[in-house]
Visitor: 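Can you keep this structure in mind? I'll have questions shortly.
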Protein chains: 2
Amino acid sequence: MTAPLHEAHPAGPGRALPDTQQGMRRRNLARVMHTVSAEGPLSRAAVASRIGLTRAAVSTLVDELIRSGLLEELGPERPGRVGRPGSALAVSGRGPAGIGAEIGVDHLAACAVDLRGEIRARAVRHGVNRGRSPEPVLAELTALVRQVVAEADAEGLWPAGLAVAVPGLVARDGRTVVRAPNLDWHDIDLGALLPAELPPTVDNEANFGGLAELWLGETTPRDFLHVSAEIGIGAAVVVDGRLLRGTRGFAGELGHVPVRPDGPECACGGRGCLEQYAGEEAVLRAAGIEPGVDRVGLLATRAADGDEAVRRALHDAGTAFGIALTGAVNLLDPQLVVLGGALSGLAPWLLPSLEAELARRTAGPACPVSVSRLGPEGPLLGAAHSVVRAVLDDPAAVAERAGDIVAEQA
Amino acid sequence: MTAPLHEAHPAGPGRALPDTQQGMRRRNLARVMHTVSAEGPLSRAAVASRIGLTRAAVSTLVDELIRSGLLEELGPERPGRVGRPGSALAVSGRGPAGIGAEIGVDHLAACAVDLRGEIRARAVRHGVNRGRSPEPVLAELTALVRQVVAEADAEGLWPAGLAVAVPGLVARDGRTVVRAPNLDWHDIDLGALLPAELPPTVDNEANFGGLAELWLGETTPRDFLHVSAEIGIGAAVVVDGRLLRGTRGFAGELGHVPVRPDGPECACGGRGCLEQYAGEEAVLRAAGIEPGVDRVGLLATRAADGDEAVRRALHDAGTAFGIALTGAVNLLDPQLVVLGGALSGLAPWLLPSLEAELARRTAGPACPVSVSRLGPEGPLLGAAHSVVRAVLDDPAAVAERAGDIVAEQA
DNA sequence: CTAATTTGTAAACCGCCATGACGAAATAGT
DNA sequence: ACTATTTCGTCATGGCGGTTTACAAATTAG
């Protein structure tokens, strides 16, 4: 599996894959799953009218999905409408689960999400990972993953895949961490260090955060820019509901967009990159936060307390964000910019100057900016959900494995 | 027809369209057309092996396409290989044609391109359009289009659609020009002013230029940024072989990416936008080119002659491009940046500083920059080809109309 | 209690591609 | 020269998948 899971079926005029009846069946199975997943309990007739197939066709599709354990029959609906009530169908709460994991600078986490999107198991382990070598960290993470898988198993769930969010650049192979500055990792093949029993997918935490916003955000459109600043400043570019990865997988490096071309030097080789003004280090220094633990938390506290130096630092960071985002908005014309991750907590003090700068530099109405409500768990949830989406995108692929599982249990 | 023609069949997991056998047939017809179009004369067996269907299936598809006049049988191949030689199939040089048109600041143009990609008719009319009202300009353009259509008709071609490239922002409806600063047009519905007998599609000239690069460029990848500077500085963002349009259709506005946040004021409301350093006006002023006709031509001549002021102006413009492109490359991670339009002629003097700036600001290998070979006709060709692509993308839709045409002729 | 409406399913049907067999047309080997 | 081999295009058959049509079941409206 070289391509990320949730792009298992990249459709488009470009592909030269054959179009056979089996493919049609698979796509229609996926369509049923997506419809039921997105619009809650639904009768066969309701599904049929939404996806444009006949009731009879949907019946056979649903039968197959129920046999595979991906859908469940909840029983007759209780309608006030005339006519025979339908039998409500819902995505199964047992069967395949998506396993998400996250490698943070100071924590590790894993969780299991069922097809309904419910978190069914989770495990967190705090501890500084900065500077540790990959092997012990991955060993700890593997233990967490196994723990979560075991918990999920106890609830009748089996792992359909594992997705890992890391704070760094990940190659398009979905397993190699090219550069994770805050861990000091370079060119590490995580695929080889993760539990062999699960097909793992690795991606940037900003990307998974953006996907979480796309899939779980309440009013998130299909075209937006999700900005997060856990470590470096990263952005997820979502276009038409798809994540833009770039040729090498490095798209979204907002942190190194030039803000002042003659500004301070940056580790990337450039000068005046956004990170020099709005990166964690830069802001903490400008705010006069002394070294210690949870400096970002302290930053938020002091900002809330009205500390002038802190407020000014955040104001200036917001201005820098505004300049960099002006460029991004001009290039991409997104429907929305979402501030996620650590930024969401600092938004009250960042937003005013950010929005002012963006508005000033935009002809006509400026791109709206909102704040994510997913909190710090966005990347972890996005990772787990990416596996769930892969199942919804191609239920037939999973159904085979599900059959094996059922056979084993019998 | 609200969506641009060449996106007639937007496929993807997001769509909720039914997947029936008719749709399958249509997609397979499209696959045959694309394969034959892209890889020259091909036997049925060769097509079958490329698209993964059986020879029998391809036979029936090809029969249908030949009956519709979209494919032609060239006769037996002359191979040195063993076995019965195949019968070469080629895209028809008669039948549907794409009509492209361009509204430039000082010219109008139209052309007809057949399914093979050959230009079969063209018409140009010089004359300054800046400041003229849309109606007379569109009337002239309509005359050019009718002339081209008549020429094409004489060669057995009928117009399958009309695409118009304009130097300005176009709404996503594909007909409204929101803002064309160099024409001084605002919120003009070109759809209402164009020949009613043809379904027109309007788009930004930078976008069509980028699509021309994608479809006609010799080594153009599927992920690139095409920069053109006919009037303002525009870019076409191509991701995975698809043009990124943005929510409102305004994506690619590279000219208003901030280069120096405190630089000179720009008409867009911002300061220090790329256009203030690399826009036509700015460069001409810095180069000391006096008012007159064909100032860009003069610029190139003097640069070639070694004029120091001109060279310095272009060097500085290249630096500004480098800064703006650094941001774009960090955000999009394209495989290539292509300089097109007027920029290609000035590339010798822009490239060195541009590439130096880009390389300096990039960690690791910098994104390669190349120069388009399409010359100033890129947008016009891209427009005409967008209609051709629409035919290749859904031959069944055109086959119906083709049937009508044949019936009329009989 | 009947009529109307809607749901889910079964049987017959049609369209599309796969399979397998065949003649046609070339090359390779004797 | 003649045969064997290979490849091409086509035809008949079959399987698969969604549609159409019909019908029983389950509800509401009158």
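To find a chain, count down the sequence lines: A is the first, B the second, and so on, and within it residues start at 1.
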Visitor: Can you build the contact string for nucleotides 20-30 of chain D? Use B for base contact, S for sugar-phosphate-only contact, and - for no protein heavy atom under 4.0 Å.
Guide: B---BBBBB--
Visitor: Please report, rounded to the nearest Å, how far the P atom of D/dG17 is from the CZ atom of A/Arg27.
Guide: 12 Å
Visitor: Taking only residues two or more places apart in sequence, or in another chain, which ones meet B/Asp114 in a salt bridge (Lys or Arg N to Asp or Glu O under 4.0 Å)?
Guide: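 Salt bridge (Lys or Arg N to Asp or Glu O under 4.0 Å) check on B/Asp114 returns B/Arg120.
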Visitor: In residues 51-59 of chain B, what donor-acceptor pairs under 3.5 Å come from side-chain atoms, sequence neighbours left out?
Guide:
residue: B/Thr54; atom: OG1; partner: B/Ala57; partner atom: N; Å: 3.2

Visitor: Listed by chain and number, what are the side-chain contact (heavy atoms from CB on, under 4.5 Å) partners of A/Val238, not counting sequence neighbours?
Guide: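 Counting only residues at least two positions away or on another chain, A/Val238 forms a side-chain contact (heavy atoms from CB on, under 4.5 Å) with A/Leu214, A/Phe224, A/Leu243.
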Visitor: Which pairs, protein N/O on one side and nucleotides 13-16 of chain C N/O on the other, fall under 3.5 Å?
Guide:
residue: C/dG15; atom: N2; partner: A/Gln21; partner atom: OE1; Å: 3.4
residue: C/dG15; atom: N2; partner: B/Gln21; partner atom: OE1; Å: 3.0
residue: C/dG15; atom: N3; partner: B/Gln21; partner atom: OE1; Å: 2.6
residue: C/dC16; atom: O4'; partner: B/Gln21; partner atom: OE1; Å: 3.4
residue: C/dC16; atom: O2; partner: A/Gln21; partner atom: NE2; Å: 3.0

Visitor: With a cut-off of 6.0 Å (strictly less than), are more than 12 heavy atoms of other residues, nucleotides or ligands near CD of B/Glu39?
Guide: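 More than 12 within 6.0 Å, yes.
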Visitor: Not counting sequence neighbours, which residues clear side-chain contact (heavy atoms from CB on, under 4.5 Å) with B/Ala171? List them please.
Guide: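 So B/Ala171 forms a side-chain contact (heavy atoms from CB on, under 4.5 Å) with B/Asp173, B/Thr176, B/Val178.
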Visitor: Which residues satisfy the side-chain contact (heavy atoms from CB on, under 4.5 Å) test with B/Ala30, sequence neighbours excluded?
Guide: B/Pro395
Visitor: Return the set of residues passing side-chain contact (heavy atoms from CB on, under 4.5 Å) with B/Ala152 (not counting sequence neighbours), or none when no residue passes.
Guide: B/Ala112, B/Leu157
Visitor: Output yes when A/Asp19 and A/Arg27 qualify as a salt bridge under the 4.0 Å nitrogen-oxygen rule, no when they do not.
Guide: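 Yes.
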Visitor: Applying side chain to side chain donor-acceptor pair (under 3.5 Å) as the test, list every pair that has at least one member in residues 75-87 of chain A; sequence neighbours left out.
Guide: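 Output for this query lists A/Glu73-A/Ser87.
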Visitor: Nearest whole Å is fine: how far is C/dT7 P from A/Glu73 CD?
Guide: 14 Å
Visitor: Does C/dT9 have OP1 or OP2 sitting under 4.0 Å from an N or O in the side chain of A/Ser59?
Guide: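 True: A/Ser59 side-chain N/O within range (under 4.0 Å) of C/dT9 OP1/OP2.
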Visitor: Nearest whole angstrom, please: distance from the P of D/dG9 to the CG of B/Leu74.
Guide: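 That distance rounds to 12 Å.
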Visitor: Let me know the distance between CZ of A/Arg44 and P of D/dG18, rounded to the nearest Å.
Guide: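 Atom CZ in A/Arg44 sits about 15 Å away from atom P in D/dG18.
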Visitor: Whole angstroms only, please: what is the CG-P distance between A/Leu29 and D/dC16?
Guide: 15 Å
Visitor: Once you round it to whole Å, what is the distance between P of D/dC8 and CG of B/Leu53?
Guide: 16 Å
Visitor: To the nearest angstrom, how far is B/Ile51 atom CD1 from C/dA18 atom C1'?
Guide: 14 Å
